[in-house]
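Everything on this sheet refers to the single structure shown next.
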Amino acid sequence: VSEDKLADYGFDDPEYVFTFTQENGESTTLLAKDYEEADGTFVELICVETGQIFFMESNYTSFLQAAPEELFIDRLYSCSINEIESIDIEWNDRENAKFTIDKENKKYTLNGVSIEDIGIEAVDLLDDFYRKLQAVNIDTFVKDSPVSDTSSPDISVTYNRIDGESINVSYYEVSEDTLAAYVNGEYSHFTLTKKNFTARDGVYDYYDQLLDITGLD
């Protein structure tokens, strides 16, 4: 079906317009008619670029009725600790951190202090801290950045990978309870609660334990 014939097939005023764009710039747009979410329901769609009309079972079309935040994974960046060479962390209300990580040879430092020399408890605590750092979850979709262009991050985490790539994840205060998240300087369109860091068993809790066990507190 060509675009000038959309009305003939009931797609001139679609209930849903879903467009996704690949990194190479190619886009695909799907138009879908209204439907009820129920077992056995089929949804009628058309791909604008190809003109192909097709049907999908409604249990496969949840992306049409999803809130924007439901379409994204809830972690900003995830990487195995085995692939990390070092981590640089700057934050306003804690001593800045420089971790070096050599999983293969089981050697780790925090601000120059050897963690493996302290013992297995310290190494396990480092693993727990890294898992907690990776588990920071974004939660609210906010299209436009609520942060001023002149603001500085309250928390900046740079992951330096073994392959030479560096990823920076920064968090900017939006309110007493909220942070806006950026990756490599670009706004992620998401905010998150500070409780990821400040709650009991949060990131700060594990970091303070590391400072204590290494004598850096």
Side-chain angles (χ1 to χ4, degrees), residues 72-140 145-147 150-217:
F72 297 87
I73 58 173
D74 60 1
R75 295 187 184 181
L76 289 168
Y77 178 68
S78 181
C79 181
S80 167
I81 194 172
N82 297 323
E83 300 174 35
I84 296 295
E85 183 177 78
S86 63
I87 306 171
D88 299 305
I89 306 177
E90 298 179 6
W91 33 35
N92 290 343
D93 51 2
R94 292 293 188 283
E95 180 182 352
N96 292 340
K98 170 75 173 183
F99 291 92
T100 63
I101 298 170
D102 182 354
K103 265 289 188 181
E104 184 177 355
N105 297 302
K106 300 181 179 179
K107 293 185 178 297
Y108 320 90
T109 66
L110 168 56
N111 293 347
V113 176
S114 173
I115 293 177
E116 78 275 4
D117 286 349
I118 297 172
I120 188 63
E121 181 183 357
V123 174
D124 288 345
L125 188 55
L126 171 61
D127 284 335
D128 290 340
F129 168 77
Y130 186 79
R131 281 194 292 270
K132 182 60 66 172
L133 195 62
Q134 292 282 279
V136 171
N137 290 336
I138 54 180
D139 48 39
T140 303
S145 174
V147 176
T150 59
S151 298
S152 299
D154 289 75
I155 304 167
S156 176
V157 183
T158 302
Y159 300 91
N160 302 301
R161 294 165 50 104
I162 294 172
D163 62 11
E165 183 180 14
S166 291
I167 305 295
N168 176 263
V169 180
S170 295
Y171 306 92
Y172 292 75
E173 184 177 77
V174 176
S175 69
E176 184 179 348
D177 303 313
T178 309
L179 299 165
Y182 281 68
V183 178
N184 287 342
E186 294 188 6
Y187 178 48
S188 69
H189 302 290
F190 279 89
T191 64
L192 63 149
T193 173
K194 286 184 181 178
K195 288 183 180 179
N196 282 280
F197 293 90
T198 60
R200 183 179 179 183
D201 291 331
V203 174
Y204 285 164
D205 193 354
Y206 280 94
Y207 181 59
D208 289 344
Q209 292 181 58
L210 276 170
L211 290 178
D212 184 54
I213 202 169
T214 55
L216 293 170
D217 191 4

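These numbers come from the heavy atoms of this one structure, side chains and all, not from hydrogens, waters or symmetry mates.
Residue-environment remark: CD (E165) exceeds the threshold of 12 foreign heavy atoms within 6.0 Å. Residue-environment remark: NZ (K106) stays at or below the threshold of 12 foreign heavy atoms within 6.0 Å. Counting heavy atoms of neighbouring residues, nucleotides and ligands inside a 6.0 Å radius, atom CD of E95 exceeds 12 of them.
For the ring pair (Phe, Tyr, Trp, His ring centres under 6.0 Å) with F197, the lone residue among Y206, Y171, F129 that qualifies is Y171.
The distance from atom CZ of R161 to atom OG of S80, rounded to the nearest 0.5 Å, is 9.5 Å. Here the CG-CZ distance, from L133 to R75, works out to 11.0 Å after rounding to the nearest 0.5 Å. Rounding to the nearest 0.5 angstrom, the gap separating the OG atom in S86 from the CD1 atom in I162 is 10.0 Å. To the nearest 0.5 angstrom, N184 atom CG is 4.5 Å from I167 atom CD1. The distance from the NZ atom of K98 to the OG1 atom of T158 is 9.0 Å, given to the nearest 0.5 Å. Going from atom CD1 of I120 over to atom CD1 of I115 covers 11.5 Å, rounded to the nearest 0.5 Å.
Contact between Y172 and S151 at its shortest, heavy atoms only, is CE2-O, 3.5 Å. Of all non-hydrogen atoms in N168 and S156, the two that sit nearest each other are ND2-OG, 2.9 Å. Across D208 and R94, no two heavy atoms sit closer than the pair OD1-NE, 2.9 Å. Between T109 and S114, the shortest heavy-atom contact is CG2-CA, 4.2 Å. Closest non-hydrogen pair, A180 versus Y187, comes out as CB-CE1, 4.1 Å. The two atoms that bring K103 and Y108 nearest to each other are CD-OH, 3.5 Å, heavy atoms only.
In terms of modelled atom types and a separation under 3.5 Å, the side chain of S188 and the main chain of A181 share a donor-acceptor contact. N111 places a side-chain N or O within 3.5 Å of a backbone atom of N96 that can act as its donor or acceptor partner. The backbone N or O of C79 sits less than 3.5 Å from a side-chain atom of Q134, completing a donor-acceptor pair. Within the 3.5 Å criterion, the main-chain N or O of V203 finds no donor-acceptor partner in the side chain of N196. Of the possible donor and acceptor atoms, none in the side chain of K194 sits under 3.5 Å from a partner among the backbone N and O of L179.
Aromatic ring orientation, W91 versus Y204: perpendicular (interplanar angle above 60°, classes split at 30° and 60°). Ring geometry for Y159 versus Y130: interplanar angle over 60°, hence perpendicular rather than tilted (30 to 60°).
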What's the verdict on side chain to side chain contact (heavy atoms under 4.5 Å, CB included) for D127 and I81, showing C-alpha distance, side-chain angles and the deciding distance? CA-CA 8 Å; D127 284 335; I81 194 172; 3.7 Å; yes

Can you list the steps and then say if I84 with F99 is a side chain to side chain contact (heavy atoms under 4.5 Å, CB included)? CA-CA 10 Å; I84 296 295; F99 291 92; over 6 Å; no

What's the verdict on side chain to side chain contact (heavy atoms under 4.5 Å, CB included) for V183 and F190, showing C-alpha distance, side-chain angles and the deciding distance? CA-CA 11 Å; V183 178; F190 279 89; over 6 Å; no

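Between I87 and V157 there is a side-chain heavy-atom pair separated by less than 4.5 Å. T178 places none of its side-chain heavy atoms less than 4.5 Å from the side chain of L192. With contacts defined as side-chain heavy-atom distances shorter than 4.5 Å, the pair V136/L76 does not qualify. Under the 4.5 Å side-chain criterion, counting only non-hydrogen atoms from C-beta, L110 is in contact with Y207.
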Extract all donor-acceptor atom pairs below 3.5 Å that involve side chains of residues 209-217 and protein atoms in other chains or at least two apart in sequence.
unit_1, atom_1, unit_2, atom_2, d
Q209, NE2, D205, OD1, 3.3
T214, OG1, L210, O, 2.7
T214, OG1, L211, O, 3.2

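Looking only at atom types and distance, the side chain of T193 has no donor-acceptor partner in the side chain of D177 under 3.5 Å away.
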